[in-house]
Every structure is written in C-alpha cells, then in structure tokens.
Number of protein chains: 2
Amino acid sequence: MNENTTGEESSVSDLQSGRLSDFAYSSIKEQLTRGAYKPGHKLPIRSVAEMLNVGATPAREAINRLVFEGALVMVGPKTVIVPHLDLAALYEVTQMRLALEGLATEKGALRATNDVVDKLLSLQEKITLSLDEKRYGDALHDNKEFHFAIYRLCEMPHLLSTIEALWLRVGASFHDLYPEFAEAKYGVHNHLAAIEGLVDKDPSAVRAAMENDIRDGYRRLKKAAQERLKRQ
Amino acid sequence: MNENTTGEESSVSDLQSGRLSDFAYSSIKEQLTRGAYKPGHKLPIRSVAEMLNVGATPAREAINRLVFEGALVMVGPKTVIVPHLDLAALYEVTQMRLALEGLATEKGALRATNDVVDKLLSLQEKITLSLDEKRYGDALHDNKEFHFAIYRLCEMPHLLSTIEALWLRVGASFHDLYPEFAEAKYGVHNHLAAIEGLVDKDPSAVRAAMENDIRDGYRRLKKAAQERLKRQ
DNA sequence: TTCATAATTTTGTTATAACAAAAATCATGA
DNA sequence: TCATGATTTTTGTTATAACAAAATTATGAA
C-alpha cells in the first residue's frame with residue numbers, strides 16, 4: 001500500500017536504505033527547504049502519513065527527528081508546527097555557523113584542487129545568472145552547493161552533518177523570506193574572494209571571506225525579518 | 001524501575017515528559033556515559049525493550065536517536081553497537097568542541113555572577129577530592145558540571161544542546177578509558193585559570209583557559225587510546 | 001581443518017488498533 | 001458579544017503481529 005506514486009526525492013543523507021522513515025524525513029525536509037509550508041503550519045502525524053502514503057510509525061519518527069534537529073517545533077504536547085521567525089535563534093545559529101563553517105573552511109582550504117576551483121567558478125556563474133533572471137530558488141540552491149563544496153574539503157563528516165543541521169534550522173522558518181533578501185546580489189563579492197583565497201593557498205583569507213558572507217547574509221536576513229514582522 | 005510486575009508505573013530517572021521513548025533514551029544514554037557497555041557491545045531492539053520493560057517502538061526510537069547523534073553506530077543493516085575507539089572522530093569532535101565551547105565561553109563570560117563563581121569553586125574542590133580518593137566517576141561527573149555551568153551563561157539553547165551531543169559522542173566510546181587518563185589531576189590548573197578570568201571579567205582569558213583544558217584532555221585521551229590500541 | 005552453502009533463528013521495520021489526553025467544537029448563560 | 005463548561009473529535013503514543021531480510025548456526029564437501 002506504499003508505492004510512492006508521488007515523486008520521491010532522495011536526499012544526500014538518505015543513503016538508499018529503503019526505510020520509509022528516511023523517505024518521510026527527506027520528503028518533509030525537502031518541502032521545508034522549499035518553503036512549502038508557512039510558519040505556523042501544523043504537521044499532524046496522520047496527515048503526513050496520508051500525504052506520503054506511509055503508516056503512522058515512519059511519519060511520527062520523521063517528524064520527531066525534525067523536532068530534535070530544530071527544523072520543527074512543538075508548541076503543545078500534541079502540536080508541532082513550522083517555526084515562526086525567531087531573531088534570537090537566527091543570531092544563535094549565525095554564531096554557531098561562524099564557528100563551525102569557519103573551522104571547516106580553514107581545515108579544508110589547502111586541499112582545494114583545480115577541479116574544485118573550477119566547480120566553484122561555474123557555480124558562481126550559475127548563481128549570478130539565476131539572480132539576474134530572478135530565479136531565487138535556483139540561486140539559493142547553488143549558493144548552498146557553493147558553501148558545501150568548500151566545507152566538504154576538510155573531510156570531517158561529523159562537522160559536515162552538524163553544519164547541515166544548522167542550515168536546516170534557519171532554512172525552515174526563514175526560507176519564505178529569502179527571495180526578498182537575495183535580490184541584492186548578495187554574496188557575489190565574498191564568494192569571489194573565497195575562490196581567490198583557495199587559489200592563493202591562504203586558508204585564513206578563505207575563512208575571512210566565508211565569515212563575511214555569513215555575516216552579510218545574517219544582516220540582510222535580520223533586516224528582512226524585522227520588516228516582515230513590523231508589517232504584520 | 002525494571003521489576004514492575006504489570007503496572008507501568010513511572011520510574012525514578014524518568015524526566016517528567018512521560019514518554020516511554022524519552023525514558024528509554026535517557027536510560028541508554030545514562031548507561032553509555034557510565035561506561036556500562038564495552039565498545040562493540042550490540043544493542044538489539046528487543047533486548048533493550050525487555051531490559052527497560054517497554055515495547056519495541058520506544059526502544060527502537062531511542063536507539064535510532066542515539067545512532068543519529070553518533071553515540072551509537074550501525075555496523076550493518078541490523079546491528080548497532082557501542083562505537084569502538086576512533087582517533088579520527090576524537091580529533092574531529094575536539095576541533096568542534098574548541099569552536100563551540102570557545103564560543104559559548106566567550107559569549108557568557110561577562111554574565112558570571114558571584115554565585116556562579118562560588119559554584120565553580122565548590123565544584124573544583126569536589127573534583128580534586130574525588131581524584132584524591134580515586135572516585136573517577138564522580139570526578140568526571142563534576143568536571144562536566146563545571147564546564148556546563150560556564151556554557152549555560154550565554155543562554156543559547158541550540159548551542160548548548162549541540163555541545164551536549166558532542167560530549168555524548170566521544171563519551172560513549174572513550175568513557176571506559178577516562179579513569180586512566182584522569183589520574184593525573186587533569187584540568188585543575190585550567191579550571192582555576194578559567195575562574196580567575198571570570199572574576200576579572202576577561203572573556204578571552206576564560207576562553208583560552210577552557211580551550212587549554214579541551215586540548216589537554218584531547219592529548220591525554222589520545223595517548224591513552226593509542227596505548228590501549230597498541231596493547232590489543 | 002576450512003570454506004561454502006543451506007537451514008534456522010534473530011532482528012528491524014511497518015501497519016494497525018486501542019487508549020488516554022489534548023484540541024476543537026458546541027452549548028449555554030450572562 | 002464574550003466567557004465558560006461540556007461534548008466531540010482529533011491526535012500522540014505504545015504494544016503487537018506479520019513480514020522480509022540479515023545474522024547465526026548447522027551441514028557438507030574438499
């Protein structure tokens with residue numbers, strides 16, 4: 001009774017395990033990062049189960065896992081929702097991102113090959129093009145690719161998965177306001193500086209560029225969130 | 001707590017949530033940090049369920065959560081074990097600890113009240129006493145209390161829970177070798193330096209002290225682990 | 001013995017039903 | 001209109017059974 005007629009997207013962390021729990025987890029996660037649910041949207045187990053054509057057990061497990069990760073929040077003993085904008089959490093996650101993504105950057109910078117640099121350059125081209133054509137979803141996707149292409153260099157899997165959890169944490173509640181913050185060609189300069197640092201084999205320069213990128217993004221997101229909150 | 005005949009009357013260490021899954025989770029976690037299971041020990045769902053007098057569902061959920069957090073590892077599609085010593089993971093977690101616990105320390109240092117300082121001093125006394133009397137379990141417990149008393153100051157809950165996950169991650173596989181590393185009155189000097197920095201309202205001094213503590217611990221743990229591995 | 005293979009047991013996963021508790025809805029009175 | 005209490009519906013949790021797949025043990029041949 002569970003034949004996944006709807007499009008199933010397999011994620012990176014979903015390693016062909018075939019577990020319905022993992023399928024449900026990746027599905028919800030995908031929806032969240034696409035901004036499919038507005039903040040405040042309720043996610044009852046049975047609704048999720050029905051939507052994904054699975055039983056209650058995998059749905060429940062997926063939801064609980066996302067709650068643990070902070071991508072969803074419990075606002076009552078029996079109600080989990082997509083989190084509302086929370087500037088305190090945004091600040092906190094930003095601080096953690098600076099520390100952890102800075103670490104990953106610095107540890108991996110010297111391992112960048114020419115292939116990686118080429119990949120980054122082409123990603124950056126795609127990003128600028130997407131921004132020009134106002135395809136913000138694509139721009140955000142490639143922006144994430146750009147960051148993680150650098151973070152993967154250090155080959156520290158625990159670190160990488162922790163960073164991924166941080167992206168998901170703010171992504172869930174802030175995604176629907178990324179477009180209005182992405183318009184300003186955010187990040188282009190910092191990305192180019194990072195690439196330059198990689199070519200120059202200068203880890204602290206790369207780290208500085210990435211930290212700048214994170215801080216710039218934080219400022220824009222915060223501003224957009226404040227305006228959004230004021231308008232309501 | 002595990003000998004009730006029929007009644008599932010709650011247990012002592014059950015932390016108020018009432019969920020059997022949480023009870024199972026904290027129970028296993030407690031056992032792990034106490035070093036009750038040797039590395040390589042298998043944790044099948046049904047055995048855990050029977051041991052805790054719960055059904056398969058809560059046991060399964062607790063185990064999967066610990067796997068996800070890295071406190072347990074899957075070595076096959078149907079086998080999760082207590083992880084073996086892994087120096088690469090120890091290094092990785094140490095780097096993350098330096099970044100995150102350094103961050104927490106620096107952000108919270110200026111908020112230390114006299115009460116906190118007194119608490120730290122009394123904890124440090126307890127630690128030295130425990131070490132003198134070779135009660136290493138107690139020493140380790142209070143050592144953790146010492147660290148988190150400082151980390152709590154910054155009031156960043158996401159950061160705190162991430163740090164806790166890191167402690168659990170190495171704790172599970174390294175706990176049974178803490179005694180032989182704790183003998184050397186590890187940390188005393190660094191702890192005192194941290195307290196001094198708090199009193200002086202000097203955040204970077206506190207951070208330096210805590211980072212030193214983490215690095216010292218890393219070196220000792222690594223050495224002990226290497227000797228252990230060589231001996232086998 | 002040693003290795004491969006077959007037989008058997010163990011194990012993880014999932015759907016389901018039942019239950020208690022929470023949330024939503026309705027009814028009633030001021 | 002609003003609050004409040006009662007009722008109904010919804011919901012999370014858990015134990016359980018069934019199934020398929022993995023792990024283990026037994027078996028046999030070289």
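Labels below follow one simple rule: chain letters A, B, ... track the order of the sequence lines, proteins then strands, and each chain is numbered from 1.
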Peer 1: Can you tell me how far C1' of C:dT13 sits from CG of A:D22, to the nearest Å?
Peer 2: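 One finds 11 Å between C1' of C:dT13 and CG of A:D22, rounded.
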Peer 1: Below the 4.0 Å mark, does C:dT13 have OP1 or OP2 next to a side-chain nitrogen or oxygen of B:N64?
Peer 2: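 For C:dT13, OP1 or OP2 has a side-chain N or O of B:N64 closer than 4.0 Å.
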Peer 1: Less than 4.0 angstrom between a side-chain N/O of B:R60 and OP1 or OP2 of C:dG12, yes or no?
Peer 2: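 The answer is no; no side-chain N or O of B:R60 sits under 4.0 Å from OP1 or OP2.
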Peer 1: Which one, C:dT16, D:dG12, C:dA15, comes nearest to the side chain of A:I45?
Peer 2: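 From the listed options, D:dG12 comes nearest.
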Peer 1: Using whole Å, what does the distance between atom C1' of nucleotide C:dA23 and atom CD1 of A:I81 come to?
Peer 2: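 Distance check: A:I81 CD1 to C:dA23 C1' gives 14 Å.
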Peer 1: Ring of B:Y25, cation from B:K29 - is the NZ or CZ under 6.0 Å from the centre and inside 45° of the axis?
Peer 2: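 No, B:K29 does not sit over the ring of B:Y25.
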Peer 1: Rounded off to whole Å, could you give me the CE-to-C1' distance for the B:M74 and D:dA23 pair?
Peer 2: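 Whole-Å distance recorded here is 13 Å.
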Peer 1: Should the side chain of A:K78 and the base of C:dA21 be counted as holding a donor-acceptor pair, with the cut-off at 3.5 Å?
Peer 2: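 When only heavy-atom distances are counted, A:K78 does reach the base of C:dA21 through a donor-acceptor pair under 3.5 Å.
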Peer 1: For A:E50 and C:dT16, give me the distance from atom CD to atom P, rounded to whole Å.
Peer 2: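 In whole Å, C:dT16 P and A:E50 CD are 12 Å from each other.
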Peer 1: Please pick, from C:dT14, D:dT13, D:dT16, the nucleotide with the shortest atom-to-atom distance to any side-chain atom of B:T57.
Peer 2: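 Given the options C:dT14, D:dT13, D:dT16, the side chain of B:T57 is closest to D:dT16.
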Peer 1: Nearest to the side chain of B:T79, which nucleotide is it out of D:dT13, D:dA23, D:dT16?
Peer 2: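 For the B:T79 side chain, the nearest candidate turns out to be D:dA23.
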Peer 1: Does A:R46 get its side chain close enough to the base of D:dG12, under 3.5 Å, for a donor-acceptor pair?
Peer 2: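 A donor-acceptor contact between them is present.
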Peer 1: Can a side chain N or O of A:S21 be found less than 4.0 Å away from OP1 or OP2 on C:dT14?
Peer 2: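 Yes, because at least one side-chain N or O of A:S21 sits under 4.0 Å from OP1 or OP2 of C:dT14.
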Peer 1: Measure CG/B:L43 against C1'/C:dG12 and give the value in whole Å, please.
Peer 2: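 In whole Å, C:dG12 C1' and B:L43 CG are 14 Å from each other.
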Peer 1: Tell me the interatomic distance from B:F23, atom CZ, to D:dT14, atom C1', rounded to whole angstroms.
Peer 2: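 Interatomic distance, CZ of B:F23 to C1' of D:dT14: 14 Å.
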Peer 1: Evaluate B:L52 against B:L20 for side-chain contact (heavy atoms from CB on, under 4.5 Å), listing each step before the verdict.
Peer 2: CA-CA 10 Å; B:L52 302 173; B:L20 254 26; over 6 Å; no
Peer 1: Between B:N53 (CG) and D:dT14 (C1'), how many Å, whole number?
Peer 2: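 Between C1' of D:dT14 and CG of B:N53: 14 Å.
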Peer 1: Pick the closest DNA chain C nucleotide for A:P77 and for A:G55 by heavy atoms, then say which residue is nearer the 5' end.
Peer 2: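 Here A:G55 is the residue nearer the 5' end.
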Peer 1: A:K42 side chain N/O closer than 4.0 Å to the phosphate oxygens (OP1, OP2) of C:dA24?
Peer 2: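 For C:dA24, OP1 or OP2 has a side-chain N or O of A:K42 closer than 4.0 Å.
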Peer 1: Thinking salt bridges, do A:R215 and A:E211 make one under a 4.0 Å N-O criterion?
Peer 2: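 Looking at A:R215 and A:E211, the cut-off is met.
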Peer 1: I'd like to know if A:E155 and A:R111 make a salt bridge, using a cut-off of under 4.0 Å between side-chain N and carboxylate O.
Peer 2: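 Yes, this pair counts.
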Peer 1: Please state how far atom CG in A:L20 lies from atom C1' in C:dA15, giving the value in whole angstrom units.
Peer 2: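 One finds 10 Å between C1' of C:dA15 and CG of A:L20, rounded.
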Peer 1: Using a strict cut-off of less than 4.0 Å between a Lys/Arg side-chain nitrogen and an Asp/Glu carboxylate oxygen, indicate whether B:E61 and A:R60 qualify as a salt bridge.
Peer 2: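 Looking at B:E61 and A:R60, the cut-off is met.
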